[in-house]
Amino acid sequence: MAEFERESMEYDVVIVGAGPAGLSAAIRLKQIDSELNVVLLEKGSEVGAHILSGAVLDTSGLDALIPDWKAKGAPITVPVTKDDFYLLGSAGKIRIPNFLMPPLMNNHGNYIVSMGNVCRWMAEQAEILGVEIFPGMACSELVYGEDGELKGVVAGEFGKNADGTLSDAYEAGMELHGKYVFLSEGVRGSLTKEVIARYDLDADCDVAKFGLGMKEIWEVDPAKHREGTVMHTAGWPLNSNAGGGSFIYHLDNNQVYVGFVVHLNYANPHLYPYMEFQRFKHHPMVADLLEGGKRVAYGARAITEGGWQSIPKVAFPGGALLGCSAGLVNVPRIKGNHNAMLSGIAAADAAVAAIKDGRSGDDLAAYDADLRSGPIAKDLKRVRNVKPLWSKYGLMVSLVLGGFDMWTNNLFGISILGTLKHGKSDAAATGLAVDYKPIDYPKPDGTLSFDRLTNVSFSMTNHEEGQPVHLQLKDASVPISVNLPKFAEPAQRYCPAGVYEVVREVGKEPRFVINFQNCVHCKTCDIKDPSQNINWTVPQGGDGPNYPNM
Ligand SMILES: Cc1cc2nc3c(=O)[nH]c(=O)nc-3n(C[C@H](O)[C@H](O)[C@H](O)COP(=O)(O)OP(=O)(O)OC[C@H]3O[C@@H](n4cnc5c(N)ncnc54)[C@H](O)[C@@H]3O)c2cc1C
């Protein structure tokens with residue numbers, strides 16, 4: 001590779017990722033000190049393009065950040081009016097009465113929103129305050145200072161050829177240096193992974209856990225639309241094959257978010273999460289709602305599920321982990337946006353105080369302490385045993401015991417179970433193919449259920465051809481020599497975008513093919529590959545999904 005000098009720019013705070021966490025940090029920094037130079041870098045073609053959430057928004061984070069969000073025209077206008085939880089069988093359903101649900105599970109007071117649109121609005125608020133926002137700028141490398149502290153990032157590198165050589169259009173990108181660098185990349189951030197390893201941030205916490213969330217937006221028959229209704233289900237079709245469940249949120253304009261989450265610690269490597277989602281829509285309760293409607297968008301994203309016991313150290317020399325980079329989702333509530341915002345606020349408060357004291361490049365210990373004692377801790381601590389119970393004993397035990405644990409936490413602030421451990425990583429939880437039966441999935445009917453590639457076209461995903469494959473194999477032989485015989489190469493099934501294929505041609509050895517153009521940036525491969533051989537890195541800035549209203 002040719003030698004080149006990168007230009008660099010100096011800021012007070014550099015923020016990677018314009019999700020609710022990064023945007024909140026940017027806004028808070030400028031609210032407290034308008035003189036600070038704050039830059040926010042986003043890999044999506046615009047803010048919101050890569051945002052995928054349910055979403056039912058608990059506004060506690062936004063209330064703390066912008067108390068007059070209503071007056072400022074936030075796109076948060078559909079309050080939850082009905083909140084139902086069902087256990088599904090293949091044809092029937094049982095509704096769990098709301099009075100049995102711990103109060104923290106109550107969705108009344110929350111709003112059904114497009115988080116993509118909320119982020120677009122937050123970006124406008126940030127720009128009014130003077131934050132410099134650069135979309136289409138993937139941050140691909142970290143820059144370290146002389147004392148080993150995180151000093152900045154490289155953003156906006158374009159024009160490498162597929163083989164890694166530099167094309168005529170090559171642009172080296174910029175180095176953006178900050179007194180502090182905030183990583184708010186969301187779940188399984190590629191730079192976050194590097195700093196966690198470099199500074200050993202997960203030395204004292206439990207293993208990280210994840211789920212895969214898939215979501216479609218449907219326009220339904222107006223006669224069936226119930227604006228403000230929130231519905232969650234567990235049970236069929238996953239049953240004992242995997243943990244997870246669904247969400248159905250009726251927003252405005254006859255639109256409904258239909259989503260499905262599969263916990264990624266499933267053992268049966270034949271499981272096909274995407275097809276479980278498609279099958280789910282054929283349940284009579286769901287089919288009845290969707291029949292006569294049309295699917296208008298599709299997307300997928302991993303979701304952090306480790307919760308309280310899996311939070312790594314969030315402050316390290318020169319930087320901090322925010323939002324889902326630190327894994328702040330409340331799993332039974334399926335909510336992380338409020339904690340993402342609260343973490344952005346807390347990190348900003350700590351950085352402003354440090355900069356005022358003339359500090360830079362050190363550990364924002366005050367942020368780590370706030371996260372472990374403030375509102376985020378309160379939210380996550382009381383649900384900390386639900387996920388380990390679910391992983392160990394399945395749905396019914398976790399409903400009863402986890403529900404009891406949430407009640408005691410809610411009423412008395414205590415748990416008789418202490419803090420349970422998660423056990424294996426999701427990758428290590430994958431069992432051998434010979435020990436499990438293949439699962440027979442019905443063919444999508446093209447009306448309620450769709451094949452993967454057709455659905456991917458509804459994510460408006462685009463990756464320019466001719467760039468290096470951003471899904472890197474540590475060892476190119478592993479998929480065929482190890483994963484195929486041992487695990488029936490589960491990448492063919494766990495990827496919700498059909499990126500990975502094992503191609504078999506007569507008279508030839510099977511080949512592993514990576515269709516990186518389909519990648520919707522969910523990061524499931526990085527998490528679930530049983531050999532931990534896939535490294536998800538950022539493609540060129542702007543590439544990826546272009547979610548309209550997710
Ligand atoms: C299916 C599903 C349903 C959910 N439902 C809900 C819900 O109903 N309510 C709720 O509160 N929460 C929900 N969540 C959780 C919620 O989405 C997360 O908690 C929240 O998005 C975390 O915010 P964040 O800012 O940390 O990360 P994100 O929202 O993921 O934002 C990260 C941003 O950083 C950008 N980025 C990443 N890496 C780089 C890089 N290297 N360079 C530049 N940019 C980068 C990304 O493109 C993205 O825009 C759901 C999650 C899923 C997957």
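Read the numbers this way: they start at 1 and go in the same order the structure lists the ligands and their atoms. The structure displayed is predicted, hence computed values, not measured ones. Computation of the quantities below employed the complete heavy-atom set of this structure, encompassing side-chain atoms and omitting hydrogens, waters and symmetry-equivalent molecules.
With a 4.0 Å cut-off on non-hydrogen atoms, M115 does not touch ligand 1 at all. Only the backbone of S184 comes within contact range of ligand 1, with a heavy atom under 4.0 Å; no side-chain atom does. Under 4.0 Å from ligand 1, heavy atoms of E42 appear from its side chain as well as its backbone. Contacts between A302 and ligand 1, counted as non-hydrogen atom pairs separated by less than 4.0 Å, involve the backbone only.
For the residue pair R279 / Y272, no side-chain donor-acceptor distance below 3.5 Å is found, with atom types taken as modelled.
Considering only non-hydrogen atoms, atom 43 (C) of ligand 1 lies nearest to K43 out of K215, K523, K43, H50. Of the listed options G211, G61, G213, C324, C324 places a heavy atom closest to atom 26 (O) of ligand 1.
Of the protein's non-hydrogen atoms, G54 N, 3.2 Å is the one closest to atom 4 (C) of ligand 1. Closest to atom 51 (C) of ligand 1 among all protein heavy atoms lies I303 CD1, 3.5 Å. With hydrogens left out, the protein atom closest to atom 23 (O) of ligand 1 is P20 CG, 3.4 Å, a heavy atom. Nearest protein heavy-atom neighbour of atom 42 (N) of ligand 1: C139 N, 3.0 Å. In terms of protein heavy-atom proximity, atom 28 (P) of ligand 1 is nearest to G186 CA, 4.0 Å. Counting protein heavy atoms only, atom 9 (N) of ligand 1 is closest to V56 O, 2.9 Å. Nearest non-hydrogen protein atom to atom 21 (O) of ligand 1 is N337 OD1, 3.5 Å. Among protein heavy atoms, atom 16 (C) of ligand 1 sits closest to S53 OG, 3.4 Å.
Heavy atoms from other residues, nucleotides or ligands lying under 6.0 Å from NZ of K474 number more than 12.
One finds the OG atom of S60 at 7.0 Å from the CG atom of D379 (value rounded to the nearest 0.5 Å). Distance check, rounded to the nearest 0.5 Å: CZ of R333 to CG of N107 gives 7.5 Å. A distance of 8.5 Å separates OG in S8 from CG in L176, rounded to the nearest 0.5 Å. Rounded to the nearest 0.5 Å, atoms CZ (R372) and CG (L380) are 11.0 Å apart.
Between A21 and ligand 1, at least one pair of N/O atoms sits closer than 3.5 Å. Geometrically, ligand 1 and G336 share a nitrogen or oxygen pair separated by less than 3.5 Å. Below 3.5 Å of separation, one finds an N or O of R301 facing an N or O of ligand 1. Considering backbone and side-chain atoms together, A340 places no N or O closer than 3.5 Å to any N or O of ligand 1. The shortest N or O to N or O distance between S190 and ligand 1 is not under 3.5 Å.
The shortest separation from a heavy atom of G259 to ligand 1 is not under 4.0 Å, leaving the residue out of contact. Heavy-atom separations between L57 and ligand 1 are all 4.0 Å or longer. Ligand 1 has no atom lying under 4.0 Å from any heavy atom of R333.
The ligand atoms of ligand 1 that sit less than 4.0 angstrom from a heavy atom of G323 are 26 (O). Each of the atoms 43 (C) of ligand 1 lies under 4.0 Å from some heavy atom of M137. The contact set between ligand 1 and L41, taken as ligand atoms under 4.0 Å from a residue heavy atom, comprises 43 (C), 44 (N). The contact set between ligand 1 and I334, taken as ligand atoms under 4.0 Å from a residue heavy atom, comprises 5 (N), 6 (C), 7 (C), 8 (O), 9 (N), 10 (C), 12 (N), 13 (C). Within ligand 1, the atoms closer than 4.0 Å to a non-hydrogen atom of V329 are 19 (O), numbered from 1 in the order shown. Ligand-side atoms of ligand 1 in range of K335: 9 (N), 10 (C), 11 (O), 12 (N), range being under 4.0 angstrom from any heavy atom. Every atom of ligand 1 with a heavy atom of I51 under 4.0 Å away is listed here by number and element: 29 (O), 31 (O), 49 (O).
Within the 3.5 Å criterion, the main-chain N or O of Q255 finds no donor-acceptor partner in the side chain of E227. Side-chain atoms of S310 come within 3.5 Å of backbone atoms of V207 as a donor-acceptor pair (strictly under, hydrogens ignored). In this structure, R452 contributes its side chain and C495 its backbone to a donor-acceptor pair below 3.5 Å. Looking only at distances, a side-chain donor or acceptor of R188 sits under 3.5 Å from a matching main-chain atom of D526.
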Step-by-step salt bridge (Lys or Arg N to Asp or Glu O under 4.0 Å) determination, K335 to D58: CA-CA 8 Å; K335 285 186 187 57; D58 162 348; over 6 Å; no
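By the ring-ring contact (aromatic ring centres under 6.0 Å, His included) test, Y274 is found to be paired with Y298, residues two or more places apart in sequence or in another chain being considered.
Judged by the 6.0 Å and 45° rule, K281 forms no cation-pi pair with F260. For the pair K313 and Y199, the NZ or CZ position fails the cation-pi test of under 6.0 Å to the six-membered ring centre and within 45 degrees of the ring normal.
Summarising the geometry of S190 relative to T537, their closest heavy-atom pair is CB-CA, 4.3 Å, with the distance given to 0.1 Å.
For an aromatic pair to be called close, the ring centres must be under 6.0 Å apart, and F247 with Y249 satisfies this. Remark: aromatic rings of W69 and Y111 are close, center separation under 6.0 Å.
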